[in-house]
Amino acid sequence: GLAPHLAIIDEYHAHATSEMYDVLTSAMTKRSQPLLFVITTAGFDLSSPCYAEYQYCCRLLEGAVENKEYFAYIAQLDPDDDPKDERVWAKANPLVAATEWGVRSLRADLKEALDDPRKMRNFLTKNMNLWVDQKDDGYLPLEKWRACESELPDLEGAEVYVGVDLSATTDLCSVAFEFPLDGGRYAVLHHSFMPADRLAERRRVDKVDYDLWVRQGYMTTVPGALIDLDFVAEWVHEKVQREGWRVREVCVDPWRAAQFNRRMEEYGYMIVEVPQTIRYISEPTLHFRGCVLDGKVVHDGDPVLTWAVGNAVAREDANGNVQLAKNKSRDRIDPIVAVVTGHARAMHAEVSAIDVSEFIDDDFLDRLWS
């Protein structure tokens, strides 16, 4: 079989999955001194395996991790550098910027990018080696979403709104847990389900490592070829009971939800229908985006939810209403749809009022109402 001594992967940022990387590294274990080169510029898909590798390289160079068998070299601008400043170009172009013709070429590329903003992304990624999260109609900048990743507060006994996107019974089904916090902040958790019999097919077609996410605990496979909604309802109920959460409402799109709703009502939960029509869902969609941009959302870095955020685009109607959508059929947005569905109700959660009666005497109340 294939057992190379040397393998080279070029422009890794364009790879949708790590499949080629994984195949080569696995095959090279048969050699005593194999060597794998990964050569690439930056890209604009922050959910790609290349960006994950880039993050690992950064941690390696910063000394956060140690790996004596891994050599990393990154030529890029520093965060505070101005890409229009020719004095910093050598950082990302140590060879090209060292020649007169190379500087002229970079000047020409910059002028085109300034004249035509559509070319700026290419200039930043190819010439300045900067990762750019710039999807024309993307719902959320991934760097803003990643900035909200943090250690979650203690949620034991907390009030929670459950958002559910049942989707089709043969694909992904997602559940989100949203916890209103003080100061207009929200903590978000997520879990998704997929039929076990379709896992391999969906991994091949979608080019996504679903099996890895199952092993990591971010997803659960449901026995059979269809999503058993009773299984999902039981999982949610057991999760809530185990964590001691107090469910205010279970928020569900009424489409295909009769069986799930009936089972959740049997468990004693209040069901609130959240239609996925653009006029209804626009407000929570925009409100949640604003919370992320303002840093008022905290999540645990769940890769499935982050992947869905990266897939989601915002579709706007003539009246400025916005709804989540996807550009490609294999892109999944169910996890972020579940979050927004729960947020439709969580955003209206009332902050518990402070009981001040013990500080007010009867004479004060008599004067107040007289």
Exercise for review: Output, in order, the C-alpha distance, side-chain angles, deciding distance and verdict of salt bridge (Lys or Arg N to Asp or Glu O under 4.0 Å) for R87 and D85.
Suggested key: CA-CA 5 Å; R87 295 172 298 177; D85 185 354; 3.0 Å; yes
Review point. Checking side-chain contact (heavy atoms from CB on, under 4.5 Å) for the pair L130/T125: CA distance, chi angles, key distance, verdict?
Key: CA-CA 5 Å; L130 296 174; T125 57; 6.0 Å; no
Exercise for review: Show your working on salt bridge (Lys or Arg N to Asp or Glu O under 4.0 Å) between E201 and R198 and close with a plain yes or no.
Suggested key: CA-CA 5 Å; E201 177 190 355; R198 293 179 60 85; 3.8 Å; yes
Practice item. In sequence, state the C-alpha distance, the side-chain angles, and the governing distance for L155 and E243, and then conclude on side-chain contact (heavy atoms from CB on, under 4.5 Å). Key: CA-CA 8 Å; L155 299 174; E243 301 294 342; over 6 Å; no
Check your understanding: Going through the checks in order, is the ring pair (Phe, Tyr, Trp, His ring centres under 6.0 Å) test met by F177 and H191?
Key -> CA-CA 9 Å; F177 303 95; H191 198 82; 8.5 Å; no
Exercise for review: Kindly determine whether E11 and T41 satisfy side-chain contact (heavy atoms from CB on, under 4.5 Å), including the steps that lead there.
Suggested key: CA-CA 6 Å; E11 296 296 359; T41 62; 3.5 Å; yes
Review point. Could you go step by step and tell me if V103 and W89 meet the side-chain contact (heavy atoms from CB on, under 4.5 Å) rule?
Key: CA-CA 8 Å; V103 172; W89 287 354; 4.2 Å; yes
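Two residues are said to be in side-chain contact when any heavy atoms from C-beta on lie closer than 4.5 Å; V250 and V272 fail this criterion. Side chains of P4 and M28 form a contact here, defined as non-hydrogen atoms less than 4.5 Å apart. Annotation: side chain of M270 is not in contact with side chain of E265 (no heavy-atom distance under 4.5 Å). Side-chain contact check for P180 versus Y161: some heavy-atom pair is nearer than 4.5 Å. In this structure, C251 and V162 have side chains that are not in contact, with every pair of non-hydrogen atoms separated by 4.5 Å or more. The side-chain heavy atoms of E234 and D230, taken from C-beta on, include no pair separated by under 4.5 Å. Using a 4.5 Å heavy-atom cutoff, the side chains of R315 and V313 are in contact.
Judged by distance alone, with hydrogens and angles left aside, the side-chain atoms of W145 form no donor-acceptor pair with the main-chain N or O of L140 at under 3.5 Å. Between the side chain of D294 and the backbone N or O of K296 there is no donor-acceptor pair closer than 3.5 Å. A donor-acceptor contact shorter than 3.5 Å links the side chain of D253 to the backbone of W255. A donor-acceptor pair under 3.5 Å links the side-chain atoms of T99 to the main chain of V96, judged by distance alone. When atom types are taken as modelled, the side chain of D109 and the backbone of F123 share no donor-acceptor pair closer than 3.5 angstrom. Remark: the backbone N or O of A97 is not paired with any side-chain donor or acceptor of N93 at under 3.5 angstrom. Using a distance-only test at 3.5 Å, with no hydrogens or angles considered, no donor-acceptor pair links the side chain of N127 to the main chain of L124. In this structure a side-chain-to-backbone donor-acceptor pair under 3.5 Å is present from N129 to A42. For the pair S48 (side chain) and Y51 (backbone), a donor-acceptor distance under 3.5 Å is present. Remark: the backbone N or O of L189 is not paired with any side-chain donor or acceptor of E178 at under 3.5 angstrom.
Using a 4.5 Å cut-off between side-chain heavy atoms of Ile, Leu, Val, Met, Phe, Trp and Tyr, with links allowed through other members, V38 and L6 fall into different hydrophobic clusters. Under the 4.5 Å side-chain heavy-atom criterion for Ile, Leu, Val, Met, Phe, Trp and Tyr, V164 and M347 are members of distinct hydrophobic clusters. Each of Y186 and L152 belongs to its own hydrophobic cluster when Ile, Leu, Val, Met, Phe, Trp and Tyr are linked at side-chain heavy-atom distances under 4.5 angstrom. Grouping the Ile, Leu, Val, Met, Phe, Trp and Tyr side chains by contacts below 4.5 angstrom, directly or via other members, places V132 with L114. No path of Ile, Leu, Val, Met, Phe, Trp and Tyr side chains, each step under 4.5 Å between heavy atoms, connects V23 with L35, placing them in separate hydrophobic clusters.
The shortest non-hydrogen separation linking P335 to A308 is CD-CB, 3.7 Å. Nearest heavy atom pair, residue D197 against residue A225, reads OD2-N, 3.5 Å. Of all heavy-atom pairs spanning T25 and D22, the tightest one is OG1-O, 3.0 Å. Closest heavy-atom contact between V252 and A257: CG1-CB, 3.6 Å. Residue V292 comes nearest to C148 through the heavy atom pair O-SG, 3.7 Å, listed as atom of the first residue, atom of the second, then distance. The shortest non-hydrogen separation linking A75 to P94 is CB-CD, 4.2 Å.
Within a 6.0 Å sphere centred on NZ of K126, other residues, nucleotides and ligands contribute more than 12 heavy atoms. No more than 12 heavy atoms of other residues, nucleotides or ligands sit less than 6.0 Å from atom NZ of K144.
By the side-chain hydrogen bond (donor to acceptor under 3.5 Å, both in side chains) test, E86 pairs with R107, sequence neighbours left out. For the side-chain hydrogen bond (donor to acceptor under 3.5 Å, both in side chains) test, no residue two or more places apart in sequence or in another chain qualifies with Y12. With sequence neighbours left out, the side-chain hydrogen bond (donor to acceptor under 3.5 Å, both in side chains) criterion links Q33 to no other residue.
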Considering only distance and modelled atom types, tabulate donor-acceptor pairs under 3.5 Å from the side chains of residues 210-218, sequence neighbours left out.
unit_1, atom_1, unit_2, atom_2, d
Y210, OH, D206, OD2, 2.6
D211, OD1, R203, NE, 3.2

Which side-chain N or O atoms in residues 63-72 pair as donor and acceptor under 3.5 Å with protein atoms at least two apart or in another chain?
unit_1, atom_1, unit_2, atom_2, d
N67, OD1, E69, N, 3.0
N67, ND2, Y56, OH, 3.1
Y70, OH, E53, OE2, 2.7

In a table with atom names and distances, give each donor-acceptor pair under 3.5 Å that connects a side chain of residues 278-289 to protein atoms at least two apart or in another chain.
unit_1, atom_1, unit_2, atom_2, d
S282, OG, V322, N, 2.8
T285, OG1, I281, O, 2.6
H287, ND1, H343, NE2, 2.7

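Note that CE of M194 and CG of L172 are 5.0 Å apart. Values are rounded to the nearest 0.5 Å. Atom CG of D334 and atom OG of S192 lie 6.5 Å apart (nearest 0.5 Å). Rounded to the nearest 0.5 Å, atoms OG (S105) and CD (E100) are 12.5 Å apart. Expressed to the nearest 0.5 Å, how far CG of L226 lies from CG of L229 amounts to 9.5 Å. Here OG1 of T40 is found 12.0 Å from OH of Y54. Values are rounded to the nearest 0.5 Å. In this structure, NE2 on H299 lies 7.0 Å from CG on L305, to the nearest 0.5 angstrom.
Taking the ring centre of F44 as origin, the terminal cationic atom of R121 falls inside the region bounded by 6.0 Å and 45° from the ring axis.
Salt bridge K84/D82: present, at least one basic N to carboxylate O contact under 4.0 Å. Note on R262 versus E266: no salt bridge recorded, every NZ/NE/NH1/NH2 to OD/OE distance being 4.0 Å or above.
Side-chain contact of H15 with T17: a donor-acceptor pair under 3.5 Å is absent, judged by distance alone.
Between H13 and W131, a ring centre-to-centre spacing not shorter than 6.0 Å is recorded.
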